[in-house]
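Notes follow the structure.
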Amino acid sequence: RYGTVTGVQTCALPIFSANQQTSLNAMIGYVAHKSGQSAYRVERILSDYFHVPNATMLMSGDFDRAIRYLANMIDV
């Protein structure tokens, strides 16, 4: 997933596409609604799990994992 250039890690995968970002935002909103939390709180939890400053910094390779993680937050 990562390559190194003079000791600096560079990411090989681009950040989410616009469609992926739209889907992720919709899922965050849905989880927030179902769980009674704010969308900001749900995004914070997701960002903390993936160790990124915010959800827009997730890599496209993390999209499926992010959606699964959010789906698992919903009580069935």
Side-chain angles (χ1 to χ4, degrees):
R1 178 174 168 169
Y2 296 101
T4 56
V5 178
T6 62
V8 176
Q9 284 190 335
T10 58
C11 186
L13 300 173
I15 295 176
F16 283 176
S17 70
N19 288 340
Q20 288 173 320
Q21 191 63 52
T22 299
S23 297
L24 185 66
N25 289 340
M27 188 65 168
I28 288 170
Y30 179 73
V31 171
H33 174 74
K34 293 296 277 183
S35 67
Q37 300 181 68
S38 70
Y40 175 79
R41 178 71 184 131
V42 172
E43 183 180 357
R44 235 7 288 139
I45 293 168
L46 179 68
S47 299
D48 289 346
Y49 180 79
F50 283 95
H51 307 290
V52 293
N54 58 56
T56 62
M57 300 302 293
L58 287 166
M59 296 289 116
S60 63
D62 291 329
F63 177 74
D64 288 338
R65 286 181 51 223
I67 294 295
R68 285 188 192 105
Y69 180 78
L70 290 169
N72 287 333
M73 291 176 68
I74 302 170
D75 290 330
V76 187

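Residues: numbered from 1 along the sequence shown.
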Tyr69 and Tyr49 aromatic ring geometry - parallel, tilted or perpendicular at 30°/60° bounds
parallel
Any idea which heavy atoms bring [X] and [Y] closest together, and the distance?
{"X": "Gln20", "Y": "Ser60", "value": "OE1-CB, 3.7 Å"}
{"X": "Val31", "Y": "Met73", "value": "CG1-CB, 4.0 Å"}
{"X": "Ile45", "Y": "Gln37", "value": "CD1-OE1, 3.6 Å"}
{"X": "Ile74", "Y": "Lys34", "value": "CG2-CB, 4.3 Å"}
{"X": "Leu58", "Y": "Leu46", "value": "CD1-CD2, 4.1 Å"}

Can you establish whether the number of heavy atoms outside Arg41 located under 6.0 Å from its atom CZ is more than 12?
no
So with a 6.0 Å cut-off around CZ of Phe63, is the heavy-atom count from everything else above 12?
yes
Working to the nearest 0.5 Å, report the span between CD1 of Ile67 and CG of Asp64.
8.0 Å
Joint hydrophobic cluster, Ile28 plus Val52, side-chain heavy atoms closer than 4.5 Å:
yes
Polar side-chain atom of Glu43 near backbone of Ala55 as donor-acceptor pair, under 3.5 Å
yes
Do the side-chain N and O atoms of Asn19 and Ser17 include a donor-acceptor pair separated by under 3.5 angstrom?
no
Side-chain contact, heavy-atom cut-off 4.5 Å: Met57 with Phe50?
no
